[in-house]
Amino acid sequence: MRSARNSHSEGPRVAQLAKMLASRSGAAFGRGFDSRLSWLGFFRGFPQPTEIDWFHLSASSWRMPPGSLVEANSIAQALARWFETALGCEFLITRRRIKMPAETLKDIPDWLNKRFLETALRSGECDRNITVTSMEFARATANGDNYLSIMYRANLKIVRENNRRSGEEEISLVIKCTPLEVNVRKIATELGIFERETQVFIVVLPEMFRLLDEASPGSFQPFGAKCVYHELLPETCVIVLEDLKKQGFTMAQRHAGLDLEHSLLVIRTLARFHAASVALHQRDPGYVKPFDQRAGADNEEQRNSLDDLFSCVLKNLADEVEEMPDFKDLYPEKLRKLANNIRNKIYDVSERKDDEFNVLTHGDIWVNNVMFQYDESTKKLKDLRFVDFQLSHWTSPAIDLHYFLFTSPNLDLWDKHDFFIEEYHKTLGDTLKLFDLEHLHPSLEELHRQLEDRSFYIIFSTVVILPIILTDPDQPMKLNEILEQSTKQHMEEDGCKTEMSTIRWLDKIFLESILRTKEDDNSLTVITSEVKCATASGDNYMSELYRAHLEVRSQKRTEKKNVSLIIKCTPSRPSIGKLISKLGVFEREEQMYRVVLPDMLLLLNKASLQNYQPFSAECLYSIITPTSCVVILEDLKHQGFTMAERISGLNLIQSLFVIRTLARFHAASVAVYQKNPHYFSIFKNRVGSDTEELREVWMDDYFKGVLKSLADEVEAWFENGENYPQRLRHLADNIKGKLYDVTKREEEEFNVLTHGDMWVNNIMFRHSGTTDDIQDIRFVDFQLPHWTSPALDLLYFLYTSPAEDLLDQHHILVEAYHSALGQTLEELGLAHLQPTLRDLQEQMEKRMLYAMFAAVAVMPVVLCNPNRAMDMDQVFKNDVQEGIARSKLHSSEAYKAMMKKILPIFDAKNLL
């Protein structure tokens, strides 16, 4: 191979270094080796054979316990063949074996369950009727086959509820997710590899295949598996793929390497992959924009993370070389110098040159990232698929060619690299011609020049990657321990200390990726970030909110910019977090922010000459899994919105503004429902009513508990002998099922999408001056929407949020609501659906028990002292009623004053 032959010319000394690097490549990754590796080298130009003596690989290399076996001669012979060609020397290898530690099989994670798989299948097949009836899990890869992710295989049986006659179907999926080990997870997160791979599976591969099929219909197969579903969370990233194994695809034996037939198929398919990526880039460069830089090149922090790994490999190698008499004066310092600069060299050599021919590289094209399919009858090689697109990069094809040729073909093919390059070049040209892009085809000489310019990548492939490939699958390298040691060593050397952020995943890298997507600007960089809690104690119970203040800059503008975001996520407290997960409130909120609210605003502004403002903050990002949910919103406070004082309550002007906006919200929801009723399937049932278990905890037990807690407090409130305590306890004992009944939708009535949690803290005001000079409002917290009677939102708001002196003016607010509802429905062309004021009042009368729920269960939370906010986790930790009793929920003076006026109202309406 010309690119190799002309790469080095330093003679015997370089040959000795190369031979030593090859022999020590395993030592850099393993530790505690308790056997020896022997090399006999015969160099052309030497007056007599030179022998590298037996040496013992020190246990201090990695301080790992001895374990499994690796055929060291496979590494040695492979490298020797290359160095023979590149440096003009010959090696004879004496076979020995190296020991390395084992890895324990990890358990299936809790989130990988029926609910997750149904979500994935329903999303991937656009069929909400899929139900998983049976599931079996196993690891999808052997130890040592994958380091930057964990892969599971799920064998499922499913039924489709709308087609049960067809019976059960069998489906097999591969689930690829973030590594569990802390240090490996950190590397994977900083590299952004799951974001890259998702982009490849969801966008790039389908488009490349479409272009090929357009150019030559039916001639080509996909390059990779179909992606069924994906989730990119801060701490858990998941990609769900079709199982290629079920289609007859298998991996080759990585230790043996690929033969000529398999290697040629890979080379030719790789050429088509590269050519198709060029065609895609010509159609729209935006498709490959996310791959402009090599993974880890985005900022200095990420580059340093990789530097820890590469540096440790060579530094430990240098320590070993110092024990070798023939080399101790020649190479240790050179190795350490190389170790300190290897990251820069790798990035420099893999960096794109825009005046060269560039492609979308696979980035990790070795034998284990290729699966082969064989003819069932003849057993002949038929097809292949590439897997693992985590390191794709828009750069020279030489990167993929070096990587593959020096890691994957078997030893007998190491003298055929020129042949492989010529086959690659020919197939590349043929495929580019299909796209009418033959003018972009580089000459063979130009391709060889690129290979020569990037020959250092061969060292990276053979010294860093190849030893990992050839480790024993039963006792693979423990990358996490290596990273842990390298990080510790790096910190000790630099004297650095790490300070944890408010929550680990809420860091600069995560926030940067969100802003880049929103702004469509990959050059955007977060300079500084500060994350704090966004709410005071008692302001929020069903989620945790953080405010991120960021300073950012971009190549698109000269000035820096301040950005503020709100991050809403699942409560970290275990008991309430588990309940919130069961209730599915984040799924509802995501549907609201992503689908319903934008459509509501769109329909309003289409129908009206007015310029209606949004009902809510803009959602920048959301992701929902069974164990972790995140919603990221623009910060309304940054736009001048503020919350009202919840304990004082809203005055008449504020209340009227809310009521009229709520009416427009309800009317717009009716318009969206008329157009797209399927949007609302998730809102058909009230939160907490889906199962008997949830109704018992979320409705019955909680309502019963707050009624009894209030009864205990009320005994000391009234001096004239009202028997409210006894009547409250009697109601508590007979409350089962009543809250569920009163919130159920009646199809013959006028229904809307209710907010579901319409109280003072879920409303933000923007004023132009005084409190009464309101410019605009936004609703927040859409976790409890329900398609049902508007009476529920009205009663909830009226009995939690207006000030005490408005209790006798509810009729004014209801009339204002009805008027605004009618005006908005008329604008939307739906005036015929408006209920009469009497109909609305009757709906409210029928549901007055919900007013009691609001006053007894929600208002005490509204009026509690912030320093004595109820701990919801303690309430739901064990017995709900006991938890409420301990919380002293109804003991505040503000609540007492309000309820002394409200209880007689409820008594008059025969609720007690």
Open item on the list: I want to check something: taking the side chain as every heavy atom from C-beta on, are Met371 and Val387 in contact at a cut-off of under 4.5 Å?
Closed with: yes
- [ ] Return the set of residues passing side-chain contact (heavy atoms from CB on, under 4.5 Å) with Ser134 (not counting sequence neighbours), or none when no residue passes.
- [x] Lys157
Task: Nearest-0.5 Å distance that lies between atom OG in Ser616 and atom CG in Asp781 - done: 11.5 Å
- [ ] Could you walk me through whether Ile567 and Leu545 pass side-chain contact (heavy atoms from CB on, under 4.5 Å), step by step?
- [x] CA-CA 6 Å; Ile567 298 92; Leu545 273 76; over 6 Å; no
Open item on the list: Checking the side chain of Asn676 only, and the main-chain atoms of His678 only, is there a donor and an acceptor separated by less than 3.5 Å?
Closed with: no
Open item on the list: My understanding is that only residues two or more places apart in sequence, or in another chain, count here; which of them pass side-chain contact (heavy atoms from CB on, under 4.5 Å) with Lys114?
Closed with: Glu118, Thr131, Val132, Met135
Open item on the list: Is it the case that atom NZ in Lys684 sees more than 12 heavy atoms from other parts of the structure closer than 6.0 Å?
Closed with: yes
Task: Side-chain touch Gln783/Ser543, heavy atoms, less than 4.5 angstrom - done: yes
Open item on the list: Take a 6.0 Å sphere around NZ of Lys289 and say whether it holds more than 12 heavy atoms from other residues, nucleotides or ligands.
Closed with: yes
Task: Partner set under side-chain contact (heavy atoms from CB on, under 4.5 Å) for Glu207, not counting sequence neighbours - done: Arg210, Leu280, Tyr287
TODO: Report yes if some heavy atom in the side chain of Val672 is under 4.5 Å from a heavy atom in the side chain of Leu753; otherwise report no.
DONE: no
TODO: Using a 4.5 Å cut-off on heavy atoms from C-beta on, say whether the side chain of Ile158 contacts that of Leu117.
DONE: no
Task: Closest contact, heavy atoms only, Val228 versus Leu241 - done: CG2-C, 4.1 Å
TODO: Measure the shortest side-chain to side-chain distance between Val240 and Val174 over non-hydrogen atoms and say whether it is less than 4.5 angstrom.
DONE: no
Task: Check: His230 ring centroid to Phe201 ring centroid under 6.0 Å - done: no
Task: Which residues share a salt bridge (Lys or Arg N to Asp or Glu O under 4.0 Å) with Asp635, sequence neighbours left out - done: Arg547
Open item on the list: My understanding is that only residues two or more places apart in sequence, or in another chain, count here; which of them pass salt bridge (Lys or Arg N to Asp or Glu O under 4.0 Å) with Asp364?
Closed with: none
Open item on the list: I want to check something: taking the side chain as every heavy atom from C-beta on, are Met592 and Pro785 in contact at a cut-off of under 4.5 Å?
Closed with: yes
Open item on the list: Run the side-chain contact (heavy atoms from CB on, under 4.5 Å) test on Leu121 and Leu156 for me, step by step, so that the C-alpha distance in whole Å, both residues' side-chain angles and the decisive distance to 0.1 Å come before the verdict.
Closed with: CA-CA 11 Å; Leu121 288 170; Leu156 312 175; 3.9 Å; yes
TODO: List the steps and the verdict of salt bridge (charged side-chain N to carboxylate O under 4.0 Å, His left out) for Glu170 and Lys246.
DONE: CA-CA 11 Å; Glu170 292 187 0; Lys246 289 295 181 181; over 6 Å; no
- [ ] Would you please name every residue forming a ring-ring contact (aromatic ring centres under 6.0 Å, His included) with His362, sequence neighbours left out?
- [x] Phe386, Phe389
Open item on the list: A side-chain contact here means heavy atoms from C-beta on lying under 4.5 Å apart; do Arg122 and Ile130 qualify?
Closed with: yes
Task: Results of side chain to side chain donor-acceptor pair (under 3.5 Å) for Thr133 - residues two or more places apart only - done: Glu168
TODO: Nearest 0.5 Å please: distance from the CZ atom of Phe137 over to the CG atom of Leu112.
DONE: 4.0 Å
- [ ] Establish, yes or no, whether a centroid distance under 6.0 Å links the rings of Phe209 and Phe223.
- [x] no
Task: Closest contact, heavy atoms only, Tyr679 versus Gln591 - done: O-NE2, 3.1 Å
Task: For the student: nearest non-hydrogen atoms of Leu173 and Asp243, plus distance - done: N-CB, 4.1 Å
- [ ] Please work out whether the ring planes of Phe782 and Tyr593 are parallel, tilted or perpendicular, with thresholds of 30° and 60°.
- [x] perpendicular
TODO: Using atom types as modelled and distance alone, determine if a side-chain donor or acceptor of Ser123 lies under 3.5 Å from a backbone N or O of Thr119.
DONE: no
Task: Distance, nearest 0.5 Å, that separates SG of Cys227 from CD1 of Ile239 - done: 6.0 Å
Task: Phe116/Trp111 aromatic ring centres below 6.0 Å - done: yes
Open item on the list: Set out, in order, the CA-CA distance, both residues' side-chain angles and the distance that settles salt bridge (charged side-chain N to carboxylate O under 4.0 Å, His left out) for Glu136 and Arg153, then state yes or no.
Closed with: CA-CA 8 Å; Glu136 293 181 358; Arg153 175 171 283 107; over 6 Å; no
Task: Closest contact, heavy atoms only, Ala252 versus Phe372 - done: CB-CE1, 4.1 Å
TODO: Provide the closest heavy-atom pair for Pro222 versus Arg385 in the form atom of the first, atom of the second, distance.
DONE: O-CD, 3.3 Å
- [ ] Output the distance between atom OG1 (Thr754) and atom CG (Leu784), rounded to the nearest 0.5 Å.
- [x] 8.5 Å
Task: Pairwise distance OG(Ser669) to CG(Leu597) - rounded to 0.5 angstrom - done: 10.0 Å
Task: Salt bridge Lys518-Glu634, side-chain N to carboxylate O under 4.0 Å - done: no
Task: Audit row: Phe615, Met600, side-chain contact (heavy atoms from CB on, under 4.5 Å) steps and yes/no - done: CA-CA 9 Å; Phe615 291 110; Met600 286 165 64; 3.9 Å; yes
Task: Cys619 side, atom SG; Ile566 side, atom CD1 - distance, nearest 0.5 Å - done: 12.5 Å
TODO: Identify, with sequence neighbours excluded, every residue that meets side-chain contact (heavy atoms from CB on, under 4.5 Å) alongside Asp521.
DONE: Glu519, Ser523, Leu524, Ser554, Lys556
- [ ] Ignoring hydrogens and angles, tell me if any N or O in the side chain of Gln373 forms a donor-acceptor pair with the backbone of Gln247 under 3.5 Å.
- [x] yes
Task: ring-ring contact (aromatic ring centres under 6.0 Å, His included) involving Phe291 - partner list, sequence neighbours excluded - done: none
TODO: Could you list the residues that satisfy side chain to side chain donor-acceptor pair (under 3.5 Å) with Gln199, not counting sequence neighbours?
DONE: none
Open item on the list: My understanding is that only residues two or more places apart in sequence, or in another chain, count here; which of them pass side chain to side chain donor-acceptor pair (under 3.5 Å) with Ser622?
Closed with: Glu590, Arg594
TODO: Please step through side-chain contact (heavy atoms from CB on, under 4.5 Å) for the pair Ile682 and Glu587, ending with a clear verdict.
DONE: CA-CA 8 Å; Ile682 193 174; Glu587 288 84 346; 3.9 Å; yes
Open item on the list: Going by the rule side chain to side chain donor-acceptor pair (under 3.5 Å), which residues pair with Asp599 if we only count those two or more places apart in sequence or in a different chain?
Closed with: none
Task: For Gln390 against Glu197, the heavy-atom pair lying closest together - done: CG-OE1, 2.9 Å
Open item on the list: Ring-plane angle category for Phe680 and Phe683, please: parallel below 30°, perpendicular beyond 60°, tilted otherwise.
Closed with: perpendicular
Open item on the list: When you measure from the side chain of His786 to the backbone of Thr788, do you find a donor-acceptor pair of N or O atoms at a distance under 3.5 Å?
Closed with: no
Open item on the list: A side-chain contact here means heavy atoms from C-beta on lying under 4.5 Å apart; do Tyr740 and Arg686 qualify?
Closed with: no
